[in-house]
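Structure first, then comments.
First the proteins, then the strands, lettered A, B, ... as listed; each starts at 1.
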Amino acid sequence: MSSHPSSSDPGGAASSAFHRLHPQVRRWVWTQGWKELRGIQEAAIVPILEGTQDVILSASTASGKTEAAFLPICSRLAEDAGGSVRAIYVGPLKALINDQFERLDGLCDGLHIPVHRWHGDVSQGHKARLLQSPAGILLITPESLEALFIRQGSALAGLFSGLEHIVIDELHAFIGTERGCQLQSLLHRVELSLRRTVPRVGLSATLGDMSLAAEFLRPGAGAKVRLCNSDSGGGELLLQLRGYRKRAPDARTPEEDEEPTDGPPEDEHDVGAHLFKTLRGTHNLVFANSRANVELYADLLRRRCEDARLPNEFFPHHGNLSKELREEAEAALKAKQRPVSLVCTTTLEMGIDVGSVQSIAQVGVPPSVSSLRQRLGRSGRKGGPSVLRLYLQEAELTSTSPLPDQLRVRLVQSVAMLELLLTNWFEPPASGAFHFSTLVQQLLSLIAQHGGVKAGEAFLALCHEGPFARVSREDFVRFLRGLGQRELLSQSSDGTLLLGSVGERLVNHYSFYAAFASVEEFRLVAGGRTLGTMPFDQPLFVGAYLIFGGRRWRVLAVQGDEKVVELEPAPAGRVPVFEPTGVGRVHDRVREQMRAIYAGEGLPRYLDARALELLAEARATFQRWRLGERSIVASGMEVHVFPWAGDAVVHTLALALQARGLSVQTLGPVLSVAGPQADVEGALRALVAEGPPRAESLTRHVENMALEKHDGFVPEDLLARDYAARYLDVEGAWRVARQVLQ
DNA sequence: GACCTGCTGCGGCTTG
């Protein structure tokens with residue numbers, strides 16, 4: 001960014017917008033010693049000052065987005081900030097709200113604009129003071145805003161009567177989620193109670209398709225949202241993908257158990273050795289995908305420090321660690337007084353500012369291109385290059401190695417993701433869900449707010465013009481009937497909806513304010529013996545494989561009500577993969593790119609020697625099986641189908657084949673079906689001939705469709721529709737079915 | 001075998 005050495009005016013000669021800020025606000029900018037406003041700050045002034053438009057401010061982390069929103073907002077409030085809350089800021093994290101509170105307080109202090117924060121850790125005294133004399137800016141979480149509706153329902157309109165601005169921070173973190181849907185509903189309900197709209201400002205990291213973000217910010221009128229984008233542009237990127245070989249796990253089955261070995265296996269030591277050698281002495285983030293791996297690598301690196309008689313530089317950071325430990329680690333990284341690297345899960349992907357780091361390490365397959373991009377954004381900010389090192393382990397092949405291992409799908413998927421990252425593509429946020437679980441919450445909340453509502457009013461408020469616009473009147477009636485049967489609702493003689501006994505209990509517990517569920521632990525049982533518990537927040541199928549307690553198991557049955565999963569030891573030789581080929585849902589585009597890499601000959605320059613070897617093996621397997629020419633191959637008693645499509649298509653095909661009585665297992669990009677090839681091809685041909693079914697009909701074999709918090713109260717058919725909209729792609733699956741038969 | 005986020009009112013205690 002260039003500076004204006006000839007001028008001490010932060011607005012610069014070209015800026016007319018700066019002069020439209022309140023004199024006191026301009027003075028604050030001068031006292032900060034800023035040479036000029038950043039592009040995004042400049043661009044935001046006029047649209048926010050006018051106060052008639054919704055705005056999205058999109059720029060990379062630490063680009064001054066908060067100030068961009070609040071310089072003009074404070075200019076508007078500088079003369080008079082009283083009477084009611086005048087601006088609401090919604091943040092996804094308490095820590096972020098605390099950060100922003102400190103920053104805003106400095107700006108607002110001289111302007112006599114009160115700043116209040118409101119979340120679970122704020123004392124009741126502070127909250128009571130705001131309720132007594134509401135004024136200025138309120139920083140709040142979606143959950144605390146929910147609590148305000150339920151606890152202060154009748155006082156809400158007065159509390160917010162003079163509200164002029166709503167700011168949503170980290171907008172991208174809300175899009176497509178239950179929590180985001182809850183926030184949309186709460187903001188809509190604020191406007192309903194004020195009987196007017198309030199302009200919204202969304203702050204976000206750079207998003208690919210801005211129209212999705214705009215539609216999220218103002219449902220139904222996304223096209224009218226003003227977009228202010230300050231893409232600082234991709235700087236230089238230094239990239240390396242390092243391959244490692246790992247002993248095949250197939251040798252170890254539950255029948256022939258061994259003593260657990262001490263410490264991590266050799267292969268992790270190799271990865272650890274390189275991490276230690278390259279990261280020590282500087283500041284870095286190591287993303288390790290799971291809490292278990294975070295602990296493993298943090299421990300391994302700490303011991304290397306001890307061995308070298310160095311003070312420890314490596315600390316773990318994940319959601320199960322205490323707040324104190326996490327804050328200590330964050331502070332150490334930010335202080336920059338001595339070298340510190342944090343080994344973390346997604347905790348450090350967004351939110352609080354830890355300053356920029358020298359490099360990013362990713363151990364294992366990245367969850368998605370967009371998260372890779374987000375992680376990369378943490379490195380090399382001040383003009384320097386971003387550095388990304390990817391560490392990938394593939395199993396040593398044996399005579400019984402399953403096809404996905406031979407195909408090195410983890411390595412190839414990672415290369416595909418890096419290639420897509422380099423072309424600046426990344427996955428759009430999820431869309432299409434109905435969010436019935438959050439509709440349960442919002443309906444109960446609406447009733448609690450007003451003491452009772454008519455069904456027609458609720459439909460208008462939540463569905464017709466609210467965030468649940470895709471729910472039809474007929475569906476809403478069925479939905480209400482279902483909630484009535486489950487005693488969440490009751491109806492008075494004049495037709496008013498009231499809370500039923502179960503609804504009353506739900507709403508009166510503080511856990512009701514969050515739209516997302518705490519992960520439920522399932523009890524794992526094998527041969528009548530309880531092995532332990534494990535959290536499941538993903539669909540679970542009979543026949544699925546999992547690893548627990550260092551052993552491999554196959555799911556025999558799922559008892560959703562009792563939260564019990566029955567297991568049997570996985571048969572020897574049928575153990576498919578050492579670790580998941582990717583976490584989360586893989587996009588069509590990534591799998592298409594994988595096929596191109598298998599079929600191609602190019603050697604990406606960022607691969608090390610071992611990774612090149614593994615890629616060569618992958619391509620040799622692809623050639624040997626002639627997968628460039630055919631998508632169905634038989635191997636022993638199994639048939640492998642390669643749709644080269646994303647998880648939604650793979651999952652849909654698996655369910656469709658299961659519905660025809662076949663035993664199907666999905667292994668990353670591959671569907672493995674038991675039986676002769678002719679049967680599988682026959683089944684696929686029959687599917688194509690029948691044509692695509694209604695997506696809901698395929699959910700018959702899904703054991704636990706109720707994944708979101710209140711899904712258990714949602715009528716089965718509506719739940720099936722929500723599930724299909726989130727996880728299935730019938731059109732895509734039938735297109736692929738036609739292709740693989742050619 | 002993914003990960004992350006959030007939470008009120010009140011009773012009972014100590015301390016100034």
Side-chain angles (χ1 to χ4, degrees), chain A residues 90-97 118-125 127-128 140-152 169-170 172-174 177-180 182-183 186 249 287-294 296 317-321 323 326 344-352 362-368 370-371 374-375 441 445 448 506-519 521-522 524 531-540 544-555 565 567 570 575-586 647 707 709:
Chain A
V90 184
L93 305 171
K94 289 187 286 191
L96 188 60
I97 285 176
W118 187 310
H119 56 63
D121 298 344
V122 173
S123 75
Q124 291 190 34
K127 293 176 180 174
I140 194 165
T141 60
E143 289 73 21
S144 285
L145 191 54
E146 184 74 66
L148 270 180
F149 270 96
I150 291 168
R151 304 280 157 195
Q152 314 287 336
D169 205 354
E170 304 276 8
H172 57 278
F174 289 110
T177 68
E178 295 304 314
R179 204 181 184 200
Q182 173 190 28
L183 179 57
L186 292 172
F287 289 93
N289 284 359
S290 70
R291 289 183 290 243
N293 275 340
V294 163
L296 186 142
H317 193 282
H318 60 71
N320 279 17
L321 285 178
K323 198 176 145 200
R326 285 165 67 173
C344 57
T345 57
T346 56
T347 41
L348 290 172
E349 211 170 90
M350 69 154 201
I352 45 152
Q362 163 73 44
V363 183
V365 188
S368 66
S370 59
S371 78
Q374 191 92 354
R375 292 170 184 192
Q441 184 206 34
S445 170
L506 274 179
V507 170
N508 285 330
H509 194 265
Y510 63 83
S511 61
F512 180 72
Y513 306 135
F516 53 87
S518 315
V519 181
E521 299 264 318
F522 276 65
L524 304 183
L531 303 170
T533 62
M534 205 165 136
F536 281 103
D537 46 8
Q538 295 215 327
L540 192 57
Y545 288 84
L546 60 90
I547 304 173
F548 187 80
R551 299 178 184 183
R552 280 141 202 293
W553 307 90
R554 187 173 169 275
V555 175
V565 181
L567 303 175
V575 177
V577 276
F578 146 69
E579 66 168 33
T581 53
V583 281
R585 290 146 68 192
V586 180
D647 281 347
L707 295 172
K709 189 173 185 180

### Query
Planes under 30° and centres closer than 5.5 Å, is that true for A:Y513 with the base of B:dT8?
no
Among [options], find the nucleotide with the atom closest to the side chain of [X].
{"X": "A:R151", "options": "B:dC3, B:dT8, B:dG6", "result": "B:dT8"}
{"X": "A:L93", "options": "B:dT5, B:dA2, B:dT8", "result": "B:dT5"}
{"X": "A:S511", "options": "B:dT8, B:dT5, B:dC7", "result": "B:dC7"}
{"X": "A:T346", "options": "B:dC10, B:dG6, B:dC4", "result": "B:dC4"}

Between atom [atom1] in [X] and atom [atom2] in [N], what is the gap in whole Å?
{"X": "A:H509", "N": "B:dG6", "atom1": "NE2", "atom2": "P", "answer": "18 Å"}
{"X": "A:K94", "N": "B:dT8", "atom1": "NZ", "atom2": "P", "answer": "9 Å"}
{"X": "A:Q374", "N": "B:dC4", "atom1": "CD", "atom2": "P", "answer": "16 Å"}
{"X": "A:L506", "N": "B:dC7", "atom1": "CG", "atom2": "P", "answer": "19 Å"}
{"X": "A:F516", "N": "B:dC7", "atom1": "CZ", "atom2": "P", "answer": "9 Å"}
{"X": "A:E349", "N": "B:dC4", "atom1": "CD", "atom2": "P", "answer": "11 Å"}
{"X": "A:W118", "N": "B:dC7", "atom1": "CH2", "atom2": "P", "answer": "11 Å"}
{"X": "A:H318", "N": "B:dC4", "atom1": "NE2", "atom2": "P", "answer": "7 Å"}

So, does [X] get its side chain near the phosphate of [N], meaning an N or O under 4.0 Å from OP1 or OP2?
{"X": "A:R326", "N": "B:dT5", "value": "yes"}
{"X": "A:T141", "N": "B:dC7", "value": "yes"}
{"X": "A:S144", "N": "B:dT8", "value": "yes"}
{"X": "A:T345", "N": "B:dC4", "value": "yes"}

### Query
So what does A:K127 hit on the nucleic acid, given a heavy-atom distance under 4.0 Å: a base, only sugar-phosphate, or nothing?
sugar-phosphate
- Query: So what does A:E146 touch, heavy atoms closer than 4.0 Å: a base, only the sugar-phosphate, or nothing?
  - Reply: nothing
Between A:G319 and A:Q152, whichever has its closest DNA chain B nucleotide further toward 5' is A:G319
Those residues at least two apart in sequence (or on a different chain) that pass side chain to side chain donor-acceptor pair (under 3.5 Å) with A:H172 are A:E170, A:S204, A:Q374
Task: Donor-acceptor side-chain pairing of A:H317 and A:T347 below 3.5 angstrom - done: yes
**Asked** With a 4.5 Å heavy-atom cut-off, do A:S123 and A:K127 have their side chains touching?
**Response** no
Measuring only between side-chain heavy atoms, which start at C-beta, is A:F174 closer than 4.5 Å to A:P142? yes
side-chain contact (heavy atoms from CB on, under 4.5 Å) filter on A:T177, not counting sequence neighbours, yields A:R179
